[in-house]
There are 2 protein chains.
Amino acid sequence: MNPDTPTSSQDAASAQAAWAGMQAFVTGHDRRRDLRVELDLGAGKAELLIKLAQAPMTLREIAQAVDVDPSAATVGVDRLERRGLVRRGAHPDDSRRKLVHLTEAGLRAAATAERILADPPPELAVLDPRDLAALTRIFATLNAGPSSAGAEAVAEPEAEAEQKPE
Amino acid sequence: MNPDTPTSSQDAASAQAAWAGMQAFVTGHDRRRDLRVELDLGAGKAELLIKLAQAPMTLREIAQAVDVDPSAATVGVDRLERRGLVRRGAHPDDSRRKLVHLTEAGLRAAATAERILADPPPELAVLDPRDLAALTRIFATLNAGPSSAGAEAVAEPEAEAEQKPE
DNA sequence: AACAATGATTGTTGCACAACAACTATTATT
DNA sequence: AATAATAGTTGTTGTGCAACAATCATTGTT
């Protein structure tokens, strides 16, 4: 065996250590409390608003995006509508479908959610610039893979303890 | 200005990119679904079992760890007890206090939860070993800081939608 | 035109979860 | 000994959330 090539068990141990480290770091800087405090929204709803800021979605698309029964999507959108954050509109091509748009308040809430989620922990700001560059490059590689769904965060389907993606 | 030293705005942008990348990666490999499917537990309860596997905790300690009212901790422990995962025992020094221990089933559940959470995404296993080593080193640094609560994941206080970290 | 499928909604049922107030038992303090 | 504080629990109130079945309106298929 090539002595310069680590064994697969060494790879596995390194992968596990790296995963544990990044999980602890990201989980340790969870932003759900901030989302709750500033927006009175859970992560799931906040991420949905961010998604809707990009383009309106149908109820089916929303149900699929957050992986719930369509009736749950209907009720969830009802709650956002009562908050004045979204509105339902007609679909241009198909009268069965509705399109969910953000309101002005919803756009502002989505921008706040993005700001909260995008704000890096202070530890990153004081990291050695070479390490920071390495992180950025490595995660760009990891997120570009086909098994990675894409750079944007996905809304959680659960209500935890477990209930809400809130 | 020292041309070898990036400006603080460059630092901020790099920190933000790094943060977005790692958040997307960790969030994109969320293990809550697996925890739900295999253990019928949310992340919060699963992490509590992992914590209890290390040492029993009082109700107050549990309430503080998950940042809820003591009555909510009581009810949460009730639910775990009904599942046969924990039991309450007497405190050796103070009869006001109860100690929550894991049962055999609870220990097995905690081990399963740890296995689920510790399993790295396949993308990490095929990463360049130097990148993997860099990630491990950088996160060890990030997690060692005083602002970092420690390497182990912290149970989330919400029940999201938001309800349960499940 | 008739029938099948789709999209959204309503109603039902069930469950999880939280804070607050009040309570009892126990320990700490005076 | 009397009082204050702590620990855990119970009851109450409120909210969020989900799946399922059934329904109606609309579009797609035959």
Side-chain angles (χ1 to χ4, degrees), chain A residues 32-33 35-37 39-46 48 56-83 85-100 155-166, chain B residues 32-33 35-37 39-46 48 56-83 85-100 155-166:
Chain A
R32 277 183 281 184
R33 183 182 299 279
L35 290 171
R36 177 61 62 195
V37 166
L39 295 172
D40 192 20
L41 287 172
K45 291 261 180 46
L48 178 59
M57 294 168 76
T58 67
L59 270 300
R60 282 288 151 144
E61 287 169 342
I62 291 171
Q64 280 162 351
V66 300
D67 192 25
V68 296
D69 192 78
S71 56
T74 290
V75 171
V77 167
D78 283 348
R79 291 191 180 98
L80 291 173
E81 194 175 38
R82 275 201 300 276
R83 295 269 306 264
L85 300 175
V86 301
R87 63 176 175 80
R88 283 174 168 91
H91 195 281
D93 304 324
D94 188 337
S95 297
R96 290 174 297 183
R97 300 180 189 199
K98 300 283 182 61
L99 275 174
V100 180
E156 306 100 15
E158 312 167 88
E160 345 146 28
E162 264 88 320
Q163 216 166 349
K164 327 152 182 165
E166 310 150 271
Chain B
R32 279 183 280 184
R33 183 182 299 278
L35 289 171
R36 177 61 62 195
V37 165
L39 295 172
D40 192 21
L41 287 172
K45 291 260 179 50
L48 178 59
M57 293 167 75
T58 67
L59 272 298
R60 285 288 149 143
E61 287 169 343
I62 292 171
Q64 279 163 352
V66 300
D67 193 24
V68 295
D69 191 78
S71 56
T74 292
V75 173
V77 168
D78 284 347
R79 291 191 179 97
L80 290 172
E81 195 173 38
R82 276 201 298 277
R83 296 270 304 268
L85 300 176
V86 301
R87 65 176 174 80
R88 283 174 169 90
H91 195 281
D93 303 325
D94 188 337
S95 297
R96 292 172 295 184
R97 301 181 189 202
K98 301 281 185 59
L99 275 174
V100 180
E156 303 102 14
E158 297 167 279
E160 334 146 36
E162 269 83 320
Q163 211 168 353
K164 333 155 180 167
E166 312 153 93

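This structure is a prediction, so every number in the text was calculated from the model and none was measured.
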Whole-Å distance separating the NZ atom of A:K98 from the P atom of D:dC24: 16 Å
Report yes if some heavy atom in the side chain of A:V77 is under 4.5 Å from a heavy atom in the side chain of A:V86; otherwise report no. yes
Which residue lies toward the 5' end of DNA chain C, B:V75 or A:A73, if each is placed at its nearest nucleotide? A:A73
Let me know the distance between CG of B:L59 and P of C:dT26, rounded to the nearest Å. 16 Å
Contact class for A:D69 (heavy atom, under 4.0 Å): base, sugar-phosphate, or nothing? base
Does any non-hydrogen side-chain atom of A:I62 lie less than 4.5 Å from one of A:P70? no
So what does B:R60 touch, heavy atoms closer than 4.0 Å: a base, only the sugar-phosphate, or nothing? base
Ionic contact status for A:E81 with A:R87, cut-off 4.0 Å: no
Residue A:S71, side-chain atoms from C-beta onward, closest of D:dT9, C:dG11, C:dC20: C:dG11
In whole angstrom, what separates B:L80's CG from C:dC15's P? 17 Å
Does A:K45 put a side-chain nitrogen or oxygen below 4.0 Å from OP1 or OP2 of D:dG16? no
Does A:R97 have a side-chain nitrogen or oxygen under 4.0 Å from the phosphate oxygens OP1 or OP2 of C:dG7? yes
From CG of A:D40 over to P of C:dA18, roughly how many Å is that when rounded to an integer? 15 Å
Integer-rounded Å distance: C:dT6 P and A:E61 CD: 16 Å
Of the nucleotides D:dG8, C:dA18, D:dA18, which has the atom closest to the A:A72 side chain? D:dA18
To the nearest Å, give me how far apart CG (B:D93) and P (D:dG8) are. 13 Å
Whole-Å distance separating the CG atom of B:D78 from the P atom of C:dA18: 13 Å
Once you apply a heavy-atom cut-off of 4.0 Å, does B:S95 come out as touching a base, just sugar-phosphate, or nothing? sugar-phosphate
Rounded to the nearest 0.5 Å, how far apart are CG of A:D67 and CZ of B:R33? 4.0 Å
Check this for me: does any side-chain nitrogen of one of A:R88 and A:D78 sit under 4.0 Å from a carboxylate oxygen of the other? yes
Please give, in whole Å, the distance from C:dG14 P to B:R79 CZ? 17 Å
Check this one for me: any side-chain N or O of B:R96 less than 4.0 Å away from OP1 or OP2 of C:dT24? no
